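One structure, as structure tokens, below. Some questions next.
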Amino acid sequence: MNKALDRSLIKRLLEADCEDPLASTDQLTSQEIPPGVDRRTFLMRSAVGGAAAVMVGHSISAQERTAKALATLPQASSPKPPLAADLNVVKKGQGPVLTTADEFYKVGPGPSSSHTIGPMRITYDFYQRATKLPADKLARATKLQVNLFGSLSATGKGHGTERAALAGLVGNEPATVDPKFLDSLRDKPDQTFPVKLGDKSINVSLKDVIYDATKGDFKHPNTMTVKVLAGDEVLLEQEYYSVGGGFIEWKGYTPPKKNPPKYPFRLMKELRAHADNNKISIAKVMLANEMSIAGRTEAEVYAFIDKIINAMVATVKSGLSMPEDDVLPGPIKLHSKAATVYKRAMDDKYASDKGIGALSAFALAASEENGRGHLVITAPTGGSAGVMPALVYGLLEIRKLDRQKVREGMLAALAIGYLCKHHATLSAAEGGCQAEIGVASSMAAALTATAYDAESRVVENAAESALEHHLGMTCDPVAGYVQVPCIERCAFGAVKAWTAYAIASNEIASRHRVDFDATVMALAETAKDMNSKYKETSEAGLALSVTLC
Ligand code: SF4
């Protein structure tokens, strides 16, 4: 507002019988906020309307101000449909945590657990069901068709969702698929593959994976359907949901029956009480629960954890070994930088600079592997696949910590991931990047604290701190590719995890003001309130402001 206008406004306000126009804006704004509108935007519009009326010598009633303000409010972005109440991912927060390590840590192709690993698991699952159709139906089958909806359709192209979906349909599982097969689908998209259904062989290609409606009344933002058709007749159809972190559900899904946990917990408060009352670590509580829920021996639990640790180390090594000028797939033409950052960090003068540089490089390395569509580990997701491996690699390969300490750290990290999944979300399509990098960083902080033998309160505090300082972080991948901001974001997630551990292990633990459960609740509420444009749609934020040329 220029000075002349400013004076004129004050004059009008005085004439409008305001004793002190600068002391109150009541004369200008409507004090009642109508339901369903953004408070800040409404108040601004209302004030502008009121001031404009005063400036031109009109008086304006409260009702008129409200009506005018409402009429000039910008169109709200399409609200994301609420998640259906009957999805297990919604109901889950009610009972004790029953997730197991092999459900959580999944190996599969990047770049996105919800857009590649989930869809591949879905089409693989459907393929198994289709083979069980009666022989007479199979004899009439002519076509297999996949339809992608919601976020899977909006950003699936950038994630290679169609390639992942086709790979599952032709019988590939995420953990064992050769990334070169997925690369070949990208390089030669017209290939066809025979799918054996009984005595019948049906040819499928990428054309059978359809990018369908991006908006609609879906049970979950990541919805897809898979069908067996005989001409136009549907012989078998299933609706599926990729609910985050590679977890999948389908219409009518009921979770598998599991044994009760030895130490049931729903909240961190209860988990820590088990640890403290029994004088064992959080990791030992988790180990006991893994054994009782899944009916496994200690050796079997650790064998699985070792497999995941080895895969994490391998992904960092593979990323660091890529040529310095490697260019990642996609329109961003992003040069990989993990190897360069690592090499240059090693020349830094101060040990602390070297440490931060190296930790960042490890995260960049694993995350760039994700961007290449190579095998990564969901901890908790593909987009955040650089965070935990960076800490695992640093603790094991650089600090040379005892492997058993890192195993226990992996178990404590699971507790964090489970609780976030149980009460909030791991899906960027539901909660933005706070649900991916935020949870990953929180898990990595718990891993580090546990590996360094911290008491349970310090483990909680470290995890809380790392999660707290990611709250509100949006998901806005440029061009729909999990590269910018995702790759660097993994490096920041790893460094923040270390910072959270550094603070938690050096502060007076009992004085830490915010408890983990409160922060998870904030994560869940922030996820609900976040504008849908910032939930993996590539419609806002960096996805809009960065220009590709
Ligand atoms: S911005 Fe964050 S949540 Fe979104 S794709 Fe990238 S890493 Fe995942």
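Each ligand, and each atom within it, is numbered from 1 in the order the structure gives. Reckoned from all heavy atoms, side chains included, excluding hydrogens, waters and symmetry mates. These figures come from a predicted structure and were not determined experimentally.
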How would you list, by chain and number, every residue that makes a side chain to side chain donor-acceptor pair (under 3.5 Å) with Asp306, sequence neighbours excluded?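 Applying side chain to side chain donor-acceptor pair (under 3.5 Å) to Asp306 gives Arg403, Arg407.
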For a 4.5 angstrom cut-off between non-hydrogen side-chain atoms, does Ser114 reach Thr381?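 Counting from C-beta outward, Ser114 and Thr381 never come under 4.5 Å.
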A side-chain contact here means heavy atoms from C-beta on lying under 4.5 Å apart; do Leu169 and Val209 qualify?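 Side chain of Leu169 against side chain of Val209, heavy atoms only: no contact under 4.5 Å found.
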For atom 2 (Fe) of ligand 1, how many protein N, O or S atoms lie at less than 2.8 Å?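 For atom 2 (Fe) of ligand 1, the figure is 1.
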Got a sec, which residues hit salt bridge (Lys or Arg N to Asp or Glu O under 4.0 Å) with Lys528, two or more places apart in sequence or on another chain?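 Partners of Lys528 under the salt bridge (Lys or Arg N to Asp or Glu O under 4.0 Å) test: Glu525.
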On the ring face of Phe104, is Lys421 found with NZ or CZ under 6.0 Å from the centre and within 45° of the axis?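 The answer is no, since Lys421 fails at least one limit relative to Phe104.
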Could you name each residue pair satisfying side chain to side chain donor-acceptor pair (under 3.5 Å) that touches residues 513-522, not counting sequence neighbours?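 The answer is Glu464-Thr519.
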